[in-house]
Amino acid sequence: MSDGGSRRCLVTGATGYIGGRLVPELLAAGHRVRCLARSPEKLRDHPWADQVETVRGDVTDADSIGAALRGVEVAYYLVHALGTGSGFEATDRRAARIFGEQARAAGVRRVVYLGGLTPAGVPDGELSPHLRSRAEVGRILLGSGVPATVLRAAVIIGSGSASFEMLRYLTERLPVMVTPSWVRTRIQPIAVRDALRYLVGSATMPDDVARSFDIGGPEVLTYREMMRRYAAVAGLRNRLIMPVPMLSPGLSSYWVGLVTPVPRSIARPLAESLRHEVVCAEHDIARYVSDPPGTPLGFDEALSLALQRVRDAQVSTRWSSASVPGAPSDPLPTDPSWAGGSLYTDRRQRTVDAGRDQLWRVIESIGGDNGWHSFPPAWAVRGWLDRLVGGVGLRRGRRDAQRLRVGDSLDFWRVEEIERGRLLRLRAEMRLPGLAWLEMYVDEDDAGRTLYRQRALFHPRGLLGHAYWWSVAPFHALVFGGMARNIARAAESADAES
């Protein structure tokens, strides 16, 4: 069992997927945190930025690593060179050796590493370069002379993880799939919150524990089963999946790159790794980090948490406040640009020769008998089409001609958020193959002039959702562009008359 207590922790990779989620979890557990980053400025807008110490450094630079490890008790190694090119294995090897040597010299009590789950009985030479490198880094850290915890995970289920995003995009975009044979491979996925729980718990392991641990969820599934389960949880129709053996890992990565926005430099090693069965051989981690009731989470529950942002129909100006605030499965600003599922955006901006208050009055009075300051026939046709398929159409109008409140219906929208004088966010309740929002902001530019900003967002559901967005995109300049232009004119006209 662990001895509990607070530790001073160093987190490398704090600007990455796992690191960005681990830091607040360590703080919540009472630990003191120092973050190592090549670009510390990337961390300054995090809500926890003023609670941590941030230092500049690189894991391949021994001097900066040595300085960062001074006074540290637990060092988290959460970096890898995947996606940096063909020499990533050599880079990973060199960085791990430097880190282990400097940790020993600094008197660090424990190193914690999150690596990959490798198949039992498969020689290193037959592993994919990705899995082979992860395994080698684990061995280097275990042999560093510092007690090490090496956690070995397969697919991590959480919005933003490369493996999960690949699963998401493939399933959402292809109702019928001709797939590589690796869709039959058995995998033991783990929810990101369980992976984080094991990472945090590793900080207080006894000093005599130095070994690797397999970590996974309670279910073993094939990739094909994972895609079908994803479709069910996401509310998509059942996917028809037809494995084709001639698709090599190289061709698979091109196929993944064609269907998803996951970069090929990342898609290829992931696709190569999927030819191996990755199933936990033990669950010894529970001796040191106990599993509360209901954990580890099942696959469907992990998916639901990863999709929480969509299920709660919450879109924010910042990824960090989306979904249930503080949930470790939330998307974060540190997630890659291709993470989080497709979110199409139409942005408009106008400088307004009127006061901010006058612009806000025009925004808050939108809809109903006041109209939408856009091309009226287009809105009328859209409302008529919505009613034709059983939607609410434009018949609901608005409760009050001038003032809105959260929850009000507004034609085929509903008021989701108001920051009076600054933001109005509407959520679409028309029949759509996805979720849609319309945001209107009152702002000002660097010269202090009033600025109107408008954003329409659409989160497609399945292939039909993508087709819908691109079919209406040619009309956005007319509808949304006209709206921005006419709202600005209406504010200027009212300001001139006042």
Side-chain angles (χ1 to χ4, degrees), residues 315 317 343-388 391-398 401-402 404 408-418 421-445 449-460 465 467-498:
V315 170
T317 54
L343 186 66
Y344 293 119
T345 306
D346 180 278
R347 289 184 172 88
R348 309 283 166 170
Q349 181 172 297
R350 303 280 298 190
T351 301
V352 183
D353 188 16
R356 292 170 60 103
D357 290 345
Q358 193 62 259
L359 176 58
W360 175 253
R361 280 193 285 272
V362 173
I363 290 173
E364 193 174 9
S365 65
I366 201 166
D369 292 337
N370 300 324
W372 288 88
H373 300 283
S374 187
F375 188 54
W379 287 90
V381 168
R382 187 63 187 87
W384 179 80
L385 289 174
D386 193 52
R387 291 189 65 178
L388 191 65
V392 297
L394 292 173
R395 57 190 172 184
R396 295 191 305 187
R398 51 180 293 157
Q402 299 301 323
L404 293 171
D408 276 358
S409 59
L410 184 60
D411 294 328
F412 43 43
W413 304 88
R414 188 168 297 278
V415 179
E416 183 172 270
E417 183 62 73
I418 293 180
R422 178 182 173 271
L423 164 69
L424 173 63
R425 179 184 299 132
L426 307 176
R427 185 180 73 246
E429 293 191 336
M430 65 196 80
R431 293 295 181 92
L432 290 170
L435 298 166
W437 297 262
L438 177 62
E439 296 178 334
M440 291 165 274
Y441 295 86
V442 176
D443 207 341
E444 64 179 38
D445 61 17
R449 296 174 298 182
T450 301
L451 199 65
Y452 172 67
R453 292 193 294 115
Q454 176 182 295
R455 189 168 70 148
L457 305 105
F458 182 66
H459 195 300
Y468 170 81
W469 172 265
W470 291 112
S471 69
V472 299
F475 303 101
H476 285 172
L478 180 66
V479 176
F480 294 128
M483 177 185 292
R485 182 173 58 252
N486 293 331
I487 284 176
R489 288 176 178 171
E492 291 167 347
S493 177
D495 193 70
E497 293 174 2
S498 61

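The first residue of the sequence shown is numbered 1, and numbering continues consecutively from there. Bear in mind that the values here come from a model prediction, so they are computed numbers and not experimental data.
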**Message:** Please confirm whether the ring centroid of Tyr344 lies under 6.0 Å from the ring centroid of Trp470.
**Reply:**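 Yes: the rings meet the under 6.0 Å criterion.
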A side-chain contact here means heavy atoms from C-beta on lying under 4.5 Å apart; do [X] and [Y] qualify?
X	Y	answer
Ile366	Leu410	yes
Arg455	Trp437	no
Met440	Ile487	yes
Glu417	Val415	no

Which atoms form the tightest heavy-atom contact between [X] and [Y], and what is the distance?
X	Y	result
Leu359	Leu451	CD2-O, 3.9 Å
Trp360	Leu423	CH2-O, 3.3 Å
Tyr452	Ala484	CE2-CA, 3.6 Å
Phe458	Ala436	CD1-CB, 3.9 Å
Ala491	Val352	CB-CG1, 4.0 Å
Ala428	Leu432	CB-CD1, 4.0 Å

**Item:** Partner set under side-chain hydrogen bond (donor to acceptor under 3.5 Å, both in side chains) for Arg350, not counting sequence neighbours
**Value:**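 By the side-chain hydrogen bond (donor to acceptor under 3.5 Å, both in side chains) rule, Arg350 matches no residue at all.
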**Message:** Just to verify, what does Asp346 make a side chain to side chain contact (heavy atoms under 4.5 Å, CB included) with, not counting sequence neighbours?
**Reply:**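 Here the qualifying residues are Arg348, Ala456, Trp469, His476, Phe480.
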Any donor-acceptor pair under 3.5 Å linking the side chain of [X] with the backbone of [Y]?
X	Y	value
Asp408	Leu404	no
Gln454	Arg347	no
Ser493	Ala490	no
Thr450	Ala354	yes
Glu492	Asp353	yes

Drop me the distance from [X]'s [atom1] to [Y]'s [atom2], to the nearest 0.5 angstrom.
X	Y	atom1	atom2	value
Gln349	Asp445	CD	CG	8.5 Å
Glu429	Leu435	CD	CG	11.0 Å
Leu438	Arg425	CG	CZ	11.0 Å

**Prompt:** Is Arg414 paired with Glu416 through a side-chain N to carboxylate O contact shorter than 4.0 Å?
**Reply:**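 Result for this pair is no, no salt bridge flagged.
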**Request:** Please list, chain by chain and in numerical order, all residues satisfying salt bridge (charged side-chain N to carboxylate O under 4.0 Å, His left out) with Asp443, sequence neighbours excluded.
**Result:**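 Expected list: Arg453.
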**Request:** Apply side-chain hydrogen bond (donor to acceptor under 3.5 Å, both in side chains) to Trp372 and Asp411, showing your working.
**Result:** CA-CA 10 Å; Trp372 288 88; Asp411 294 328; 2.8 Å; yes
